[in-house]
Structure formats: structure tokens, C-alpha cells
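The shown structure was predicted, so the numbers you read here are calculated from the model rather than taken from an experiment. Just so it is clear: chains get the letters A, B, ... in the order the sequence lines come, proteins before strands, and each one is counted from 1. The figures here come from the full heavy-atom set of this structure, side chains too, leaving out hydrogens, waters and symmetry mates.
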There are 2 protein chains.
Amino acid sequence: MATIYEVAALAGVSPATVSRVLNGTRVAEDLAGRVRAAAEELDFTPSRTARSLRRRHSELIALVIPDIENPFFTALARGVEDTARAAGYSVVLCNTDEDTDRESTYLRIAAAEQMAGVILAPAGETSDLGSLAGRPVVAVDRSPHGHDIDTVTADSIGAGRAATAALLERGRTRIACITGPAGVDTSEDRAQGWRDAIEAATGRTPDPSLLRHADFRFDGGREEAGRLLRSLPRVDGIVVTNNLMGAGALAAVTAAPGSLSAEGIAIIGDLPYSALVPAGVAIVSLPARELGEEAARLLLARIGGDASPPRRVVLDGVASSLRAPIPG
Amino acid sequence: MATIYEVAALAGVSPATVSRVLNGTRVAEDLAGRVRAAAEELDFTPSRTARSLRRRHSELIALVIPDIENPFFTALARGVEDTARAAGYSVVLCNTDEDTDRESTYLRIAAAEQMAGVILAPAGETSDLGSLAGRPVVAVDRSPHGHDIDTVTADSIGAGRAATAALLERGRTRIACITGPAGVDTSEDRAQGWRDAIEAATGRTPDPSLLRHADFRFDGGREEAGRLLRSLPRVDGIVVTNNLMGAGALAAVTAAPGSLSAEGIAIIGDLPYSALVPAGVAIVSLPARELGEEAARLLLARIGGDASPPRRVVLDGVASSLRAPIPG
DNA sequence: CTTGCCCGGGAAATCGATTTCTGGCACGCT
DNA sequence: AGCGTGCCAGAAATCGATTTCCCGGGCAAG
């Protein structure tokens, strides 16, 4: 790997001039030409490490998410990656497994690596952003409690309302809700949307026993759905507030034939290969990829020096693809 | 962010001694104690950038894969991430979209960032590893043509045989195969397994028109399956050689009722939320996560200085979960 | 008692870029 | 003609750690 000194020597100029040519400062055309020729000749790629040390930040962005195997975060990561790459940044993937210790370890690493910025889907209610020492951060999907930072989220209340409305339109009257852990804002807000929709339709707050908290995972959704199916009086609709629990609920429904068909289920969040999802399920899409893109755009702006007050962007692209129930 | 000089000053020693304490070289206990206290006091985290510059490699590993939204690569990434993290390395995610230009861009970046090593799932038949300048590389999933490097793959021929055998056991006699692009080794090998199994069962090579090449993507699988379903003489089984095309084929089968049930489909590779996959499909699991773990282990060994000749590891954990056909 | 070796720690070089600082040259204004 | 004023490029400082290199002191062997 050639260094800037070898390029300088070959071109007969100083290293400073090589740097200037490569970074856009004005340099006489003949020198610049010699430098470019020399760089080409030696197949020179500047050491990003040395550059990062001097510039005090690298061209890396940390993407800290709870679970890379969840298609929601995968799509989000894709949005981040595409946007970052277009701006010349690479993305470091940090899987926290919903563990706040791992999260803060990764935030320390991001600082120690002098990464340009961090996009964080917080694992818990509170995140320790102290170790970042002022480096740009954008929160995505969930907003960390007690920090006034840029945030990009989906309209969870609206999504909850839309999912519930889809079941109400089908004439369902006793609609339960399986949501995530108490205290997590997406979990609470989606349940609030469910409550809102039912109040709007019936004029009464829903029976509190119809609200179930699980852990946002497949098994949790399956188990809670199983319990709801066995409970009396019978429910005729279930709103499930994320994709994994939704898949679990569908598994439960499929395993208990005759109880409640897929048409009684509404899911917030997308399942991969929608072609394989039982027909009739109501799906309220979340703009996962767009969340990632917008978060990356905000972060890139901060990296570029934008010092305006923190923004809270809410994407409401949720009104989308409801799968129609099977005709007849 | 405190520097090693501040720690040295506070502890009343030289920066060299601080470095020695933190990196394990023998230092008198009283000095070491003072250094540790000072580091604690200042919440000192060494700059990885400076360290990388001097050490000539960072604690980052590049994971170059074609598509982060494919659950196979997601699981693989998870395996890499877990193994790398346990050894103190972080993973940089590089999505190539099957584009060899993007692949070589990322390889250049890996070298410029002085990353510790690269795990590469090659996008095409040939990969340009030249820019890596001798940095450790491990190929995973596919083996790059013309490079003698460590490789970790699944037993594709065996997987092809197993998938075909599952359909033969169900009494299917005219079994087609939808595989990936010609020239890609996983694509060819899995088709070879299909051919082998049919020859073993019938004593004849299969009708060449039963072998279809698609692009390893959902739409390709759907379209080829659609064509096969309309072709005459009728096929009564289809082996599909990856997960995305498998999902596409299932979509085609579902959309054309009466043609061929899900029991006529065998898929190599896992679909997420198997609970949602139509019952009866034969699935031959690929050890995606284990591929990632093994690749990471091999790479870590190389980073650690292992200079033995390149190894080719073939994982055959494929014998796994066939979903039983619906009884009756 | 002297020579030599070992060991621990400080001073300084090093990694490779960027960025100030500085000097020389050309040009314009009075 | 003399004195700024820019502008361009080279010299050198800088980023923050690691790693030689070297020196002084302690201890063992001759």
C-alpha cells in the first residue's frame, strides 16, 4: 500500500501538495496533473486511519440495533446503508440483543473509533449517551428517555388506530391487543391507538383485560394469542403491535383451528414474503427503510455541521397495504 | 475524551508506561496501580484510531455480503457478529447487491481502513482481492474462482440430493429443479445434487429441460415455477435451490390452485417464521449461522498469525428439518 | 571487587495523513 | 520606485497511541 510520501516523491512535490490535490484545495494545474499521474501509477489509496486520526472523525457510522435478524431492522439497516454509502460513509453494524450493557459497550467503541456518528434504535428505556462525548446521534424507531436528540419514528398511534380500524370495518366487536413491554414508547403508543380507535367506534374505553403485554418476540405473541383464544368471553379480533409477535399470533391461530381465522388478526409491521402470509390478515406497514434513510439523512446533516435544534421526525407512511380479506 | 498523555501526567509516569499497563507488559505493581487509578479517574478509553495507525490494523472486520435483507445472510451475519464480538472485534456491514463493482469498492475501503480482515460472500464468479494487499480474507457461502484462500461453505451437493430425495420419497417421479445463475458454484452444485439423486433413483440422467436457471431472487423463482406448472408433460415436484426463489415458487403454487401442492416443493434454505410456511413443504436447512461463526473463527485465527495453508471447510449440517407432509 | 546481564521505565521515533505556518514570488497601487 | 497584498507550495507540527532504543540500577557470577 503506497503512502502519500511515495506519491509526493514520484510527483516531485511535497506531501502537503498531494493532500491538497486529493482534497480539492487549489493547486497549479501542472503539479496537480503530476500528482494525479503519480497516484494513479502507484494505485494510491489514502489511509483512512491516518486521516481519521488527524481529522478526528472517520467515515464510519455506527448503526446500533436490537436485532439484525428482525426484518424490520434489516430493512431499516438497508435504508441507512444505502443513504450512508451514497455520501461516502460505511456502516458498522452493532447488534445489542436488547441488552443495554451491550448497547453502551458499542457506544464506547463508536467514540473510541472516532466514528462520524451513531444511529441508535435504543434497547431499553434509558440509554447512556455520555460516552459519545458530543458525537452526533440520531435515535430511530424508539426515542430514548431523557435525551433531547434528533429522533425519527413511525406514527405508532396512527398505526395502532389503523390496525384496529381494519378489524372494526370487518365487523369485529371484541378486539384485543397484544403489545410490547410496558414503558417502551412504541409499545404504549400502538396500544393507545388501539384504545383510541375502539373508543371512537364504541364510545367506551376497551375492557382492560383485552390489553396484553408481551416481549415483542415470536413466542410471546404466540403464547398471548393462545391465551386470548382460550379466554372467555371470546375475542373476535386481535391487534398485534409488531411483526414478530404477529407471526407468533398467526402461528397460534393456525394451530387452533376453528377459533379465529387469520382475518381476525391485524399486524403492525411487515412480514417477509407477504405471499406466504395467510390471506385475510390485515397488515399495517411500517416505513422501515424510510426510517433508516431519514435517520441517515439527519445524521449526515449533523456530521456536516448542522447545529439547529434537535428535530423529531414522525413518518406516517403507515396507511398502506392492508391485505383484503378473502372474498366471500 | 482523555488521552494517554493526561493519564500519564496524572499518574506521574510516561505515556509508554500507561500503554504497557493497559496492554499487559510487565510493570511494577505500584506504578500499574497508579496508572489504573488515573485511567479510571479520567474515564480513559484509548483512541482506536491512533492504535490502528500504529499497529497497522484496526479491530474491525468487514463482512461483505450480497444482500442484508436475505434471511440467510442475516443469520450468517449474526454468527459472524457474535463470534467477532466475543473476540473484541466489531463488524462492518457491506452490502454489495450482487454488484462486483460495489464489492471491490468495499474491499478497497477495508484496506484503507486497515481493517483486521474480511469475510466475503462473493458477489460474482470472480472477485478482485488485489486491493486487499495480503490482508486476511475468508470466503463464505461461495468460493471465489481462482483464489486459494480459506473457504467455508455448506455441502451444496448434499443439500441438493437431500431436497430431491425428500420428493422422491413422496413418490414424485418428474422432478424439476430451479437453480441460480449458471457459473455460480452453489447454484451448480445444488443442481448437481438434484441430478445425482435422480440418477441414483432412476438410473437415468434427468430431462435437461427440467433444469431451470433463475437469479436466486423471489421473482425469478415465482416466474420459473409458473412456467414449470404450465409446461407439459406436467411436473410433480420442484426442487428450488435457495430460500428467496423457494418463497417465489410457493407463491406461484399458491396462486395456481390445483396445479401442484406445497408438498411437491422442496426448498434448500430456511424461510423465516416457518410457522407461516405452508405445511408439507420440504425444507433442507442450511447452517447459515454456523457458516458465519466458522468463517469468523478462521479469520480470527489468521488475524492471530496462523500461517497454515488455506483450508476449505464444508459444513454439512443440512440433514435437518424436513417438514412432514400433512398426514392423509 | 569488578564485570556482565537482566529488567524496568523514560525519551523519542513511528504510523500516514491533514493543516497550520512561513517564505518567496508576482502583481497592483500610490 | 517602493510597499503592501495575495497566492501557492514546501517545511514542520499535529492527531494519540505503540514500540523501539537506551540508560541506570540491582543482582549473580567470576
Report which part of the nucleic acid [X] touches: base, sugar-phosphate, or nothing (heavy-atom distance under 4.0 Å, all strands).
X: A/Ala16; value: base
X: A/Arg20; value: base
X: B/Val18; value: nothing
X: A/Thr3; value: sugar-phosphate
X: A/Thr17; value: sugar-phosphate

- Query: 5'-most contact on DNA chain D: A/Glu29 or A/Tyr5, nearest heavy atom basis?
  - Reply: A/Glu29
- Query: Are any of A/Ser47's side-chain N or O atoms less than 4.0 Å away from OP1 or OP2 of C/dG16?
  - Reply: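 For C/dG16, neither OP1 nor OP2 has a side-chain N or O of A/Ser47 closer than 4.0 Å.
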- Query: Are OP1 or OP2 of D/dT19 and a side-chain N or O of B/Arg54 less than 4.0 angstrom apart?
  - Reply: no
Salt bridge check, [Y] against [X]: does any charged N sit closer than 4.0 Å to a carboxylate O?
X: A/Asp43; Y: B/Arg108; result: yes
X: B/Asp67; Y: B/Arg217; result: no
X: A/Glu29; Y: A/Arg36; result: yes

- Message: Donor-acceptor pair, distance only, cut-off 3.5 Å: does the side chain of B/Glu103 make one with the backbone of B/Ala123?
- Response: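 Confirmed, B/Glu103 side chain pairs with B/Ala123 backbone.
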State which of [options] makes the closest approach to the side chain of [X].
X: A/Val13; options: D/dA9, D/dG10, D/dA17; answer: D/dG10
X: A/Arg56; options: C/dG9, D/dC15, C/dA17; answer: D/dC15
X: B/Arg55; options: D/dT19, D/dA9, D/dA17; answer: D/dT19
X: B/Pro46; options: D/dC8, D/dA17, C/dA17; answer: D/dA17

